[in-house]
Amino acid sequence: AATMSVKFDHQFNAPADQLWAIIGTPDRIDWVPGATSCTFDGSVRCLSLPGAGDIKERILSHSNEARTMEYSCFETPAPLQSHHSSIQVIAEGDTCRLLWQTSVTPIAIETFIRTSMEGCIEKLTEILEQRAKN
């Protein structure tokens with residue numbers, strides 16, 4: 001089966017540390033649309049998505065210094081054969097960029113992955129804007 005890569009390179013109008021504080025905390029899920037709870041045991045996080053079911057992800061690497069994280073989804077209600085995601089937050093003065101790449105098999109799930117990543121980016125934008133106001 002072919003593997004499909006979904007890549008986002010998104011600019012946020014907020015400092016890198018603010019974005020990383022959200023994304024770089026494995027059990028923080030207020031930026032994940034539909035997720036109601038999350039457990040994290042230090043290596044595996046389990047997210048509950050009502051209507052979609054539970055998703056389990058293994059955190060493969062995590063660096064606060066480099067603001068990078070890699071994870072792999074290994075249990076999901078969808079027919080997923082392989083999954084690998086990498087996240088990097090790059091500081092650019094008072095703003096930052098999020099490089100988020102997911103490789104997934106089968107291709108059929110690509111639209112779902114892309115839509116869910118887009119939803120996360122929208123939520124991140126909202127959270128950071130709220131923070132800027134307060």
Side-chain angles (χ1 to χ4, degrees):
T3 300
M4 170 66 84
S5 261
V6 182
K7 292 180 194 177
F8 283 94
D9 181 343
H10 191 85
Q11 185 97 27
F12 286 95
N13 194 17
D17 286 340
Q18 283 188 16
L19 179 60
W20 180 250
I22 304 168
I23 296 191
T25 307
D27 54 359
R28 181 168 176 174
I29 54 161
D30 57 346
W31 61 282
V32 183
T36 54
S37 68
C38 176
T39 58
F40 180 58
D41 66 7
S43 63
V44 171
R45 67 176 168 190
C46 180
L47 292 93
S48 289
L49 297 150
D54 289 351
I55 291 173
K56 287 187 180 171
E57 296 173 339
R58 186 169 282 109
I59 307 296
L60 304 172
S61 72
H62 183 282
S63 167
N64 286 322
E65 292 74 35
R67 298 191 196 93
T68 58
M69 183 164 72
E70 285 181 82
Y71 61 95
S72 173
C73 188
F74 65 91
E75 200 174 291
T76 162
L80 194 66
Q81 286 162 278
S82 72
H83 174 284
H84 182 272
S85 274
S86 64
I87 283 175
Q88 182 178 9
V89 176
I90 298 167
E92 293 187 343
D94 292 336
T95 68
C96 65
R97 276 167 60 208
L98 169 63
L99 300 183
W100 189 6
Q101 181 173 342
T102 299
S103 301
V104 65
T105 316
I107 286 179
I109 202 172
E110 184 258 344
T111 306
F112 169 76
I113 296 279
R114 181 180 296 277
T115 304
S116 112
M117 288 167 78
E118 280 170 351
C120 286
I121 286 172
E122 280 173 28
K123 287 283 279 186
L124 286 166
T125 303
E126 282 171 28
I127 294 166
L128 291 165
E129 281 174 358
Q130 280 300 317
R131 195 183 157 143
K133 280 178 199 154
N134 295 333

Give, for atom [atom1] of [X] and atom [atom2] of [Y], the distance between the pair rounded to the nearest 0.5 Å.
| X | Y | atom1 | atom2 | answer |
| --- | --- | --- | --- | --- |
| Met4 | Thr111 | CE | OG1 | 8.0 Å |
| Lys7 | Thr102 | NZ | OG1 | 11.5 Å |
| Ile113 | Ser5 | CD1 | OG | 11.0 Å |
| Ile87 | Met69 | CD1 | CE | 4.5 Å |
| Arg97 | Leu19 | CZ | CG | 12.5 Å |
| Gln81 | Ile107 | CD | CD1 | 10.5 Å |

Within [range] or reaching into it, pairs that qualify as salt bridge (charged side-chain N to carboxylate O under 4.0 Å, His left out) - sequence neighbours excluded:
| range | result |
| --- | --- |
| residues 111-121 | Glu110-Arg114 |
| residues 62-72 | Asp17-Arg67 |
| residues 124-134 | none |

In the hydrophobic cluster built from side-chain contacts under 4.5 Å, what are the other members alongside Phe74?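 Besides Phe74, the hydrophobic cluster comprises Val44, listed by chain and residue number.
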For Arg58, is the CZ atom crowded, meaning more than 12 foreign heavy atoms sit under 6.0 Å from it? no
Considering residues, nucleotides and ligands other than Asp30, do more than 12 of their heavy atoms fall under 6.0 Å from its CG? yes
Return a table of donor-acceptor pairs under 3.5 angstrom between the side chains of residues 20-27 and protein atoms on other chains or two or more places apart.
residue: Trp20; atom: NE1; partner: Asn64; partner atom: OD1; Å: 2.7
residue: Thr25; atom: OG1; partner: Ala21; partner atom: O; Å: 2.7

Work out which heavy atom in [X] is nearest to a heavy atom in [Y]; give both atom names and the distance.
| X | Y | answer |
| --- | --- | --- |
| Cys120 | Val32 | SG-CA, 4.0 Å |
| Ile29 | Cys38 | CG2-CB, 3.5 Å |
| Ile90 | Ala16 | C-CB, 4.4 Å |
| Ala14 | Leu128 | CB-CD2, 3.8 Å |

Say whether [X] and [Y] are linked into one hydrophobic cluster, either directly or through other cluster members, by side-chain heavy-atom distances under 4.5 angstrom.
| X | Y | result |
| --- | --- | --- |
| Ile55 | Met117 | no |
| Phe12 | Ile127 | yes |
| Val89 | Trp31 | yes |

Do Thr76 and Ile109 pass the side-chain contact (heavy atoms from CB on, under 4.5 Å) test, and can you show the C-alpha distance, the side-chain angles, and the key distance before you say yes or no? CA-CA 12 Å; Thr76 162; Ile109 202 172; 5.5 Å; no
What's the verdict on side-chain contact (heavy atoms from CB on, under 4.5 Å) for Leu99 and Gln101, showing C-alpha distance, side-chain angles and the deciding distance? CA-CA 7 Å; Leu99 300 183; Gln101 181 173 342; over 6 Å; no
Tell me if a side-chain donor or acceptor on Ser72 pairs with a main-chain N or O of His83 at a distance below 3.5 Å.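 Looks like yes, one N/O pair under 3.5 Å.
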Which residue pairs pass the side-chain hydrogen bond (donor to acceptor under 3.5 Å, both in side chains) test with at least one member in residues 35-53, sequence neighbours excluded? Ser37-Ser48, Asp41-Ser43, Arg45-Glu57, Ser48-Asp54
